[in-house]
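Keep in mind it's a predicted model, so treat the numbers as computed, not measured.
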Amino acid sequence: MAVIWQQFLSSFQFDSYFPLLAEVGVILTLMTALAAWNYIKENKFWYYILTFVYLLSSLVVILTNDWFFFLFGWEMVTLATTFMLAWSDWKLVRQYFVIQFSGSSILLFGALAANAFGYAKIGAINSIPLQFLLIMGIGMKSGLFLFHFWLPPIHSEAPAPVSAILSGWVVKLGYIFLLKIIPLEKGNTFLFLLGLAMVIYAGWQALRSADLKIMLAYSTVSQLGFIALAIGTGGKYAFYGAVLHIIAHGFAKTTLFISSGIWQKEYGSRIIYDFKDAISRRPVTSAAAIMSLASLGAVVFTAGYKSKYLIKSAQTPGILVTTVFFLLGFLSFLYAARVIYWIFIKDQDYSNFLSDLKHGFNHYQIYTADVLALITGTLGIIVVSFWPEMPAGVLASLADKDFHLISGLRDSLIYLALAAYLFVNNNGFKIKVRDNLSLENYLQAFLNFVYGLSRKSVKFDTEKIFEAFFYNAIFNASKKLYNLVYQDFTIQLLWIPIFMTVLLLWQQIYAYF
């Protein structure tokens, strides 16, 4: 046992920017824990136990370079966050578990393959096929394009503090892993193209969303696309941009999901058209949300501007690159500005603002834990914006980096003028509220498409299909595997820890004999 513990401790790497990312993960988790204090009413003790397990496990995932501890830590993160979804709906628990299990299976196969090809520790992998395999495993667990289908419905239906955890940090674990395995000098073209597709497709879907939580879920996929694009680009500044964007988006999206939970309780709705007098009723929430949305839109002097500028500056210079990144930035600005327009500008009366604000302070209950969480998120965005080198100079070379704030201000003003023109002439892009997203709807559409090819029309009970097929398939496969290997359950319980110990101690055993 002492040897295992020693091997566990020696697997941690405290160099580069990974300790910084671990510290940010702790801060974001504490933010969601504060927000959950008034949101979670039942079984609060068990919720915080799961939060603690998730936190410790995520630190292992970020800091270890051992394949076994990495996979074990990530599965503990999956289990903890899966059961957190039980505070919403057990159906959501089963769906999330099935999807994460699928990603884990591919990731496990990729890890075993990497180990077999000589990559005994987690680090830069030069083999393109191995990179591709691991990207596929990460794709399902962290919402890469084509594998992102589960993220909007599950994140939008989860309790607000859990959405903040999932969107603000859990999905980032995959991209932190990619920072380790993708060579800094070369990048990965496939990952670059996936990121580009994520920014465009999910950004368009975010612009078409009237439900705040659905918009935030799609914008998560879009913003993750910038991270994937940066890692796929390769180069020091692209990787620094990915690190900064992981941090900037983590603070912004955690703050926004917490805000969405507060507003949902306040208004009994998640539709942005229903939020009236938001500033006077929830001034701290409103200020934090505006700052976070500005960062998502890469407004100059925000954290999001600094991270996206680094990603853009790492690309090959040229008019095409400049134009593409200008349009990508405008898409992000547009869906963020649309939320600000509907909540804080459209049909709002500020003629008696001070008296309305005083009335709000006197009549609306303010929870200290929520305010602390929102202030922490806002401060995080400010720190990243003004000190991109990070406290203690973790990214020291960024202290002298020219971020061209004047050109950034110019672009922000152009974005603002274009958005104002489009909003005025298109009624603020007011779009009909879509039905709640669900994996059953996606499955129904897929089955209808397949049967439509044969000109048949069949109505499926997709929820039963999902549970009967996917969930039971995993259960039956596990049962058959168990029956194939051992009949005696007691022997199997004894064999599993022995087998895992042999794996962990293989080098010592081999050296002994």
Side-chain angles (χ1 to χ4, degrees), residues 20-40 47-48 51 55 159-169 172 212-213 216 219-220 223 244-267 275 277-299 301-307 336 339-340 343-344 353-354 356-358 360-388 390-392:
L20 169 66
L21 292 170
E23 292 167 7
V24 172
V26 172
I27 296 171
L28 295 177
T29 303
L30 291 176
M31 283 177 60
T32 60
L34 285 170
W37 187 255
N38 296 302
Y39 194 99
I40 301 298
Y47 178 86
Y48 282 101
T51 300
L55 176 59
V162 181
S163 295
I165 286 177
L166 294 176
S167 185
W169 199 244
K172 306 293 196 318
L212 180 59
K213 287 194 73 176
L216 292 177
S219 72
T220 293
Q223 296 295 320
L244 272 190
H245 204 59
I246 288 172
I247 299 171
H249 180 259
F251 279 114
K253 196 50 64 70
T254 302
T255 301
L256 284 168
F257 268 113
I258 292 172
S259 300
S260 73
I262 294 171
W263 278 329
Q264 186 176 352
K265 280 190 172 184
E266 184 72 37
Y267 293 96
F275 299 162
D277 303 320
I279 293 182
S280 59
R281 295 172 70 166
R282 293 293 175 188
V284 176
T285 303
S286 299
I290 291 172
M291 174 66 79
S292 299
L293 288 165
S295 185
L296 289 188
V299 175
F301 303 118
T302 65
Y305 171 78
K306 293 289 180 69
S307 59
V339 176
I340 293 176
I343 297 179
F344 303 111
F353 176 71
L354 291 178
D356 290 342
L357 187 63
K358 183 178 180 181
F361 274 114
N362 292 331
H363 290 82
Y364 297 106
Q365 187 173 9
I366 298 175
Y367 295 105
T368 305
D370 291 340
V371 172
L372 287 175
L374 294 171
I375 291 175
T376 302
T378 305
L379 288 176
I381 295 172
I382 293 172
V383 168
V384 177
S385 173
F386 288 95
W387 294 280
M390 294 283 94

| query | With distance as the sole test, does T378 use its side chain to make a donor-acceptor pair with the main-chain N or O of A288 at under 3.5 Å? | reply | no
| message | If you compare all heavy atoms of Y39 against all heavy atoms of P159, which two are closest, and at what distance to 0.1 Å? | response | CE2-CB, 3.8 Å
| Is there a donor-acceptor contact under 3.5 Å from the side chain of K265 to the main chain of G261? | no
| said: Do S295 and F251 have side chains that approach each other closer than 4.5 Å (heavy atoms only, starting at C-beta)? | reply: no
| 4.5 Å side-chain heavy-atom contact, M31 and L372 | no
| query | Taking C-beta and beyond as the side chain, do T376 and L30 meet within less than 4.5 Å on heavy atoms? | reply | no
| note | Hits for side chain to side chain donor-acceptor pair (under 3.5 Å) against T220, two or more places apart or cross-chain, chain-then-number order -> S167, K253
| Of all residues at least two apart in sequence or in a different chain, which pass the side chain to side chain donor-acceptor pair (under 3.5 Å) check with K306? | none
| note | Rounded to the nearest 0.5 Å, the CD1 atom of I262 sits from the CG atom of L374 at a distance of 4.5 Å
| query | Which heavy-atom pair separates S292 from L256 by the least distance, and what is that distance? | reply | CB-CG, 3.6 Å
| query | Are any of the side-chain heavy atoms of W169 and V24 separated by less than 4.5 Å? | reply | yes
| task | Taking side chain to side chain donor-acceptor pair (under 3.5 Å) as the test, write out the residues that go with T32, two or more places apart. | result | none
| message | Tell me every residue that passes ring-ring contact (aromatic ring centres under 6.0 Å, His included) with Y48, counting only those two or more places apart in sequence or in another chain. | response | W37
| request: For side chain to side chain contact (heavy atoms under 4.5 Å, CB included), just list the numbers for M390 and I247, CA-CA rounded to whole Å, side-chain angles, deciding distance to a tenth of an Å, and then say yes or no. | output: CA-CA 11 Å; M390 294 283 94; I247 299 171; 4.1 Å; yes
| query | So how far is it from S219 OG to H249 NE2, rounded to the nearest 0.5 Å? | reply | 5.5 Å
| Heavy-atom pair of closest approach, residues Y267 and F275 | CD1-CD2, 3.5 Å
| Is there a side-chain contact between T285 and W263 (heavy atoms, below 4.5 Å)? | yes
| field | Separation between CG of D277 and CD of E266, rounded to the nearest 0.5 Å | value | 10.5 Å
| message | Suppose we screen for side-chain contact (heavy atoms from CB on, under 4.5 Å). Which residues come up paired with I279, at least two apart in sequence or across chains? | response | S286, F344, Y350, F353
| note | Tightest non-hydrogen contact, residues L244 and P388, listed as CD2-O, 3.7 Å
| message | I want to check something: taking the side chain as every heavy atom from C-beta on, are L212 and Q264 in contact at a cut-off of under 4.5 Å? | response | no
| note | Between S385 and A303, the two heavy atoms sitting closest are CB-N, 3.5 Å
| query | How would you list, by chain and number, every residue that makes a ring-ring contact (aromatic ring centres under 6.0 Å, His included) with H245, sequence neighbours excluded? | reply | F226
| said: Any side-chain to backbone donor/acceptor pair from T302 onto A298? Under 3.5 Å, distance only. | reply: no
| message | Can you give me the closest heavy-atom contact between A373 and A35, atom names plus distance? | response | CB-N, 4.3 Å
| task | Supply the atom-to-atom distance L166 CG to T254 OG1, rounded to the nearest 0.5 angstrom. | result | 10.5 Å
| Just how far is it from atom CG of L293 to atom CG of L216, taken to the nearest 0.5 Å? | 7.5 Å
